[in-house]
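The structure displayed is predicted, hence computed values, not measured ones. A note on names: the letters A, B, ... follow the listed sequences, proteins ahead of strands, and every chain is numbered from 1.
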There are 2 protein chains.
Amino acid sequence: MSRASERAYAKIRAHVLSGSVAAGEQLTEDQLAQITGVSRTPVREAVRRLEDELLLVRSDTKRLFVADWSRDDIEEMFVLRQMLECHAAERAAKRLSRGQIAELEALNRDLTAAVDQTPPDVARFLEANRAFHEAIIDAAHSPRLGQLLARLVEAPVVLRTARTYSQSDLRQSARDHDELVAAFAARDGDWARAVMGSHLRRAFHTFARAVGPANDQGTAEP
Amino acid sequence: MSRASERAYAKIRAHVLSGSVAAGEQLTEDQLAQITGVSRTPVREAVRRLEDELLLVRSDTKRLFVADWSRDDIEEMFVLRQMLECHAAERAAKRLSRGQIAELEALNRDLTAAVDQTPPDVARFLEANRAFHEAIIDAAHSPRLGQLLARLVEAPVVLRTARTYSQSDLRQSARDHDELVAAFAARDGDWARAVMGSHLRRAFHTFARAVGPANDQGTAEP
DNA sequence: CGGATAGGTTTTGTATACAATAACGAGGCA
DNA sequence: TGCCTCGTTATTGTATACAAAACCTATCCG
């Protein structure tokens, strides 16, 4: 979208993700217009995108709230993401060029360097990790698959998960990526699918361990 | 959404699906505002939804066009839909209540009646079919799964596919649904998944046979 | 005291005017 | 002729004013 609505989107998103506004809290379009410095029209456009991404939700009477995801919500997303991203890995194995595989290697060298620092550079890890997964999805050459995954790989989930990672968790992630690259180099779709599956399912369990056992709490607004 | 933008959405959608406007043709917000009888503001909201559903697409410079899906696009959607809807069927098998299974039976009785007419009542078939699949997705109790599938089960694809069905194709569909109900009654998720898989994959091949071999033609605008 | 309700306030929805940008076409120049 | 440039028109983007709907609270009646 164009300039104002794009800025609004980025600002609102950052505002929500920064945690400076509590989950379940109400927002108004006017507030957001003031925060972002544009009028309500582009704010409404930005808000619609964020609703789509489930960062914001509307009550039955159109009031706007910061979404509050339950553990079950997040498990659901991990399950779906695993299903789709395994498919992407399998397709990518057949389609990645030699050069693209080299790029994945480079990305993962960077990721590895970030996690081998003490303390690990989590921001750099997150960025390299995002780029790595994105490259695989792009290589799957399935635009709608990419579109679906975009709304499943949500920043709040990834953030909350990454914050619970120990250094050894991060190192295991890096090793998974190495193995994925090996599977791609061997053009072995089954292998790639399997590695991606365990990679993501382990991520879920790391998250779940940190959050505690399934206790199923509120979605949406108060 | 509220009244005006909802009306706009329905009207524009119907307008596009009616085929009275060719794939690849440009639309302007002003035109649509006139057609729908509301101002550009709700039209823009409706258009954004339709873009999301891929019925409309925007050029790199924000011009609006009626989407033109290639055979490959449609195969991609069938593949993704199969993946997700098989998952839904498996989950539904564990969750459907006895009453819900009875409702599915009723829906399929209606569908069967529609296809057993000569000529078959395709509109009634489509409606019963839609309701049947929707009930399964709802029973899967996975809101995000439902959301993802909503954008994969697109009217233009279903329409184009259904138009190519012979009466025996339609009857086979009805039998598939019967077998799904049997799988649900047996609480057999694997069975349900398998039936759903062949059901959807056959639908794709029926479509592909009618359209001709993979010849890969233009997506999007001219 | 409980609950319905009426009126003022807040919030969202729509129309419209204007601004910015992209497409188009005509005229000039090599 | 080829093709740039610039001005005109078409189209999308944004701000703002107003309309509609939802919320809240004080008040009234049982």
Side-chain angles (χ1 to χ4, degrees), chain A residues 1-16 20-68 218-222, chain B residues 1-16 20-68 218-222:
Chain A
M1 306 300 99
S2 52
R3 215 170 104 265
S5 74
E6 197 61 39
R7 278 195 312 148
Y9 170 79
K11 279 207 181 183
I12 297 170
R13 185 182 171 95
H15 187 243
V16 168
S20 68
V21 47
E25 190 168 320
Q26 181 170 4
L27 298 173
T28 70
E29 296 174 356
D30 260 323
Q31 273 174 42
L32 296 175
Q34 290 193 332
I35 291 173
T36 57
V38 301
S39 82
R40 272 180 56 217
T41 308
V43 164
R44 282 171 66 84
E45 189 133 342
V47 162
R48 283 194 57 82
R49 283 177 65 185
L50 292 163
E51 281 179 74
D52 244 35
E53 296 175 7
L54 301 174
L55 259 67
L56 303 177
V57 296
R58 268 184 202 280
S59 72
D60 47 357
T61 96
K62 317 290 186 172
R63 257 79 182 153
L64 194 63
F65 299 88
V66 177
D68 179 15
T219 309
E221 76 277 13
Chain B
M1 308 298 101
S2 51
R3 211 170 106 266
S5 74
E6 197 62 38
R7 276 196 313 149
Y9 169 81
K11 278 208 181 181
I12 297 170
R13 185 181 172 95
H15 188 243
V16 168
S20 68
V21 47
E25 189 167 322
Q26 180 171 2
L27 299 173
T28 70
E29 296 174 356
D30 261 323
Q31 271 174 43
L32 296 175
Q34 290 194 333
I35 291 174
T36 58
V38 302
S39 83
R40 272 181 55 218
T41 308
V43 163
R44 282 172 65 85
E45 189 133 342
V47 162
R48 284 195 56 82
R49 282 175 67 185
L50 292 163
E51 281 180 75
D52 244 35
E53 296 175 7
L54 301 173
L55 259 67
L56 303 177
V57 296
R58 268 183 202 281
S59 72
D60 48 355
T61 102
K62 318 289 185 172
R63 258 81 182 152
L64 194 64
F65 299 88
V66 177
D68 180 15
T219 310
E221 78 277 11

(request) Please determine which of A/Arg63, A/Arg58, A/Lys62 meets the salt bridge (charged side-chain N to carboxylate O under 4.0 Å, His left out) test together with A/Glu29. (result) A/Arg58
(message) Between A/Glu51 and A/Arg44, does any side-chain N to carboxylate O distance fall below 4.0 Å?
(response) no
From [atom1] of [X] over to [atom2] of [N], roughly how many Å is that when rounded to an integer?
| X | N | atom1 | atom2 | result |
| --- | --- | --- | --- | --- |
| A/Leu64 | C/dT11 | CG | P | 12 Å |
| B/Arg48 | D/dT14 | CZ | P | 11 Å |
| A/Glu45 | C/dT14 | CD | C1' | 15 Å |
| B/Phe65 | C/dA23 | CZ | C1' | 11 Å |
| B/Asp30 | C/dT14 | CG | P | 17 Å |
| B/Glu6 | C/dT12 | CD | C1' | 15 Å |
| B/Gln31 | D/dA10 | CD | C1' | 12 Å |
| B/Arg3 | D/dA22 | CZ | C1' | 17 Å |

(message) Which heavy atom of B/Leu56 sits nearest to which heavy atom of B/Val66, and what is that distance?
(response) CD2-CA, 4.1 Å
Given [options], identify the nucleotide with an atom nearest to the side chain of [X].
| X | options | result |
| --- | --- | --- |
| A/Val38 | D/dA22, D/dA10, D/dA15 | D/dA15 |
| A/Ser39 | C/dT12, D/dT12, D/dT14 | D/dT14 |
| B/Arg63 | C/dG13, D/dA15, C/dA22 | C/dA22 |
| A/Arg40 | C/dT12, C/dA23, C/dA15 | C/dT12 |
| A/Lys62 | C/dG13, C/dA15, D/dA22 | C/dG13 |
| B/Gln26 | D/dT11, C/dT12, D/dC23 | D/dT11 |

(request) Would you indicate what B/Leu32 reaches in the nucleic acid, counting non-hydrogen atoms under 4.0 angstrom: base, sugar-phosphate, or nothing? (result) nothing
Within the pair [X] and [N], is there a side-chain N or O less than 4.0 Å away from OP1 or OP2?
| X | N | answer |
| --- | --- | --- |
| A/Arg44 | C/dT12 | no |
| A/Thr28 | C/dT10 | no |
| B/Thr41 | C/dT14 | no |

(request) Would you check if A/Leu50 and A/Val16 make a side-chain contact, meaning some heavy-atom pair closer than 4.5 Å? (result) no
(message) Side chains of B/Ile35 and B/Ile12, heavy atoms from C-beta outward: is any pair under 4.5 Å?
(response) no
